[in-house]
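Scroll down for the structure; my scribbles are underneath it.
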Amino acid sequence: MENTEGVFFLTGKDFKNAGAASSSLKGILEGRGVPQPIIRRVAIAAFEAEMNVIIYAVAGMMNYTITDEMIKIRIQDMGPGIPNIEQAMKEGYSTAPDYIREMGFGSGMGLPNIKRNSDTLTVNSVVGEGTTVEFSMNLPPAE
Amino acid sequence: MILSDIRDILKAVVLARKEDMGMQIERAYCADLMSDVLAFSISHSLLITGLTNTQVIRTAEVATITAIVFIQNKRPDIQTIALADEKKIPLLVTDLSMFDTCGLLFEKGLRSCNGLEF
């Protein structure tokens, strides 16, 4: 099958549409016939990454590439950056303000949840400039 | 059990997808932290929560949650109900607390997503 590529633009603090990009991505994966358990993993990781942009950044974008072998997602944001990535990868570590926690997020599970659901994950961040989170999931060989 | 059993046990009101009360539910997860739902729930389970914003529906959608029960008569706004309807996720609301909701459903045979069996 031909590769599918695309991009979603994300706006910081746009909580009304938070999750819409991950929802659309889920629909695209379903349309390609990707197995449901893998769709769930991709959708969860993408949603966590999308929420991070909405919560912390001014804006960002989510690029996706779907091949026969893998699904690759790259989320780049114009945000505050992460001073200590190792710390941010620990479950329960969060710098989210209370109003974000009251919405059910910011419990320090974002990056750990992305890691839990992906086969590869890289996080690059520059304080004051932004963060790029890139992850991929392998697809089983076609029958 | 099916959703109509859950509705009856909890004396719940159906806010969205009345036509889906025949859906089968075997497992449940309760939380107000959506990241915990994303991390620890399993596909096709029931979500019991006190949060009522649109992110709950988005979380349910990406985590393939079958249906949502809101506790203590916490009702989502019309946009949230409309999103649930669009995503085909039934919504129920009960007057009961989180503890009583879980207790009653457990007593009737519903089990957690985390494998504890009795």
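Bear in mind that the values here come from a model prediction, so they are computed numbers and not experimental data. Reminder, nothing fancy here: chain letters follow the sequence lines and each chain counts from 1.
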Taking every non-hydrogen atom, the tightest pair across [X] and [Y]:
{"X": "B:Val62", "Y": "A:Ser22", "result": "CG1-CB, 4.4 Å"}
{"X": "A:Met103", "Y": "B:Asn53", "result": "O-ND2, 3.3 Å"}
{"X": "A:Met109", "Y": "B:Asp36", "result": "CG-OD1, 3.9 Å"}
{"X": "B:Ser35", "Y": "A:Asn113", "result": "O-ND2, 3.0 Å"}

- Item | A:Ala45 versus chain B, the contacting section by heavy-atom distance below 4.5 Å | neither

- Which atoms of A:Arg40 come close to chain B, meaning under 4.5 Å heavy atom to heavy atom: side chain ones, backbone ones, both, or neither? both

- Task: Could you grab the distance from atom CD1 of A:Ile100 to atom CD of B:Gln55, nearest 0.5 Å is fine?
- Result: 9.0 Å

- Note on the structure: To the nearest 0.5 Å, atom CG of B:Leu38 lies from atom CZ of A:Arg41 at 14.5 Å

- Any donor-acceptor pair under 3.5 Å from A:Lys26 side chain to B:Glu61 backbone: yes

- Query: Do you know which of A:Pro37, A:Gly108, A:Ala18 has the most heavy-atom pairs with chain B at a distance under 4.5 angstrom?
  - Reply: A:Ala18

- With a 4.5 Å cut-off on heavy-atom pairs, point out which of A:Ser107, A:Ala43, A:Pro112, A:Gly104 contacts chain B the most. A:Gly104

Are [X] and [Y] connected, step by step, through hydrophobic side chains (Ile, Leu, Val, Met, Phe, Trp, Tyr) whose heavy atoms are closer than 4.5 Å?
{"X": "B:Leu46", "Y": "B:Phe70", "answer": "no"}
{"X": "B:Ile6", "Y": "B:Ile42", "answer": "no"}
{"X": "B:Ile71", "Y": "B:Val93", "answer": "no"}
{"X": "A:Ile75", "Y": "A:Ile39", "answer": "yes"}
{"X": "B:Val14", "Y": "B:Met1", "answer": "yes"}

With a cut-off of 6.0 Å (strictly less than), are more than 12 heavy atoms of other residues, nucleotides or ligands near [atom1] of [X]?
{"X": "B:Phe99", "atom1": "CZ", "answer": "no"}
{"X": "A:Lys13", "atom1": "NZ", "answer": "yes"}
{"X": "B:Glu19", "atom1": "CD", "answer": "yes"}
{"X": "A:Glu2", "atom1": "CD", "answer": "no"}
{"X": "B:Lys87", "atom1": "NZ", "answer": "yes"}

- Message: I'd like to know if the side chain of A:Gln36 pairs up with that of B:Ser43 as donor and acceptor (distance under 3.5 Å, no hydrogens or angles considered).
- Response: no

- Task: Side chain from CB out, backbone as N, CA, C, O: work out which of these in B:Thr52 comes under 4.5 Å of a heavy atom of chain A, or both, or neither.
- Result: neither

- Part of B:Leu51 lying under 4.5 Å from any heavy atom of chain A: side chain

- Report the option among B:Thr54, B:Leu33, B:Asp32 that has the most heavy-atom pairs separated by less than 4.5 Å from atoms of chain A. B:Leu33

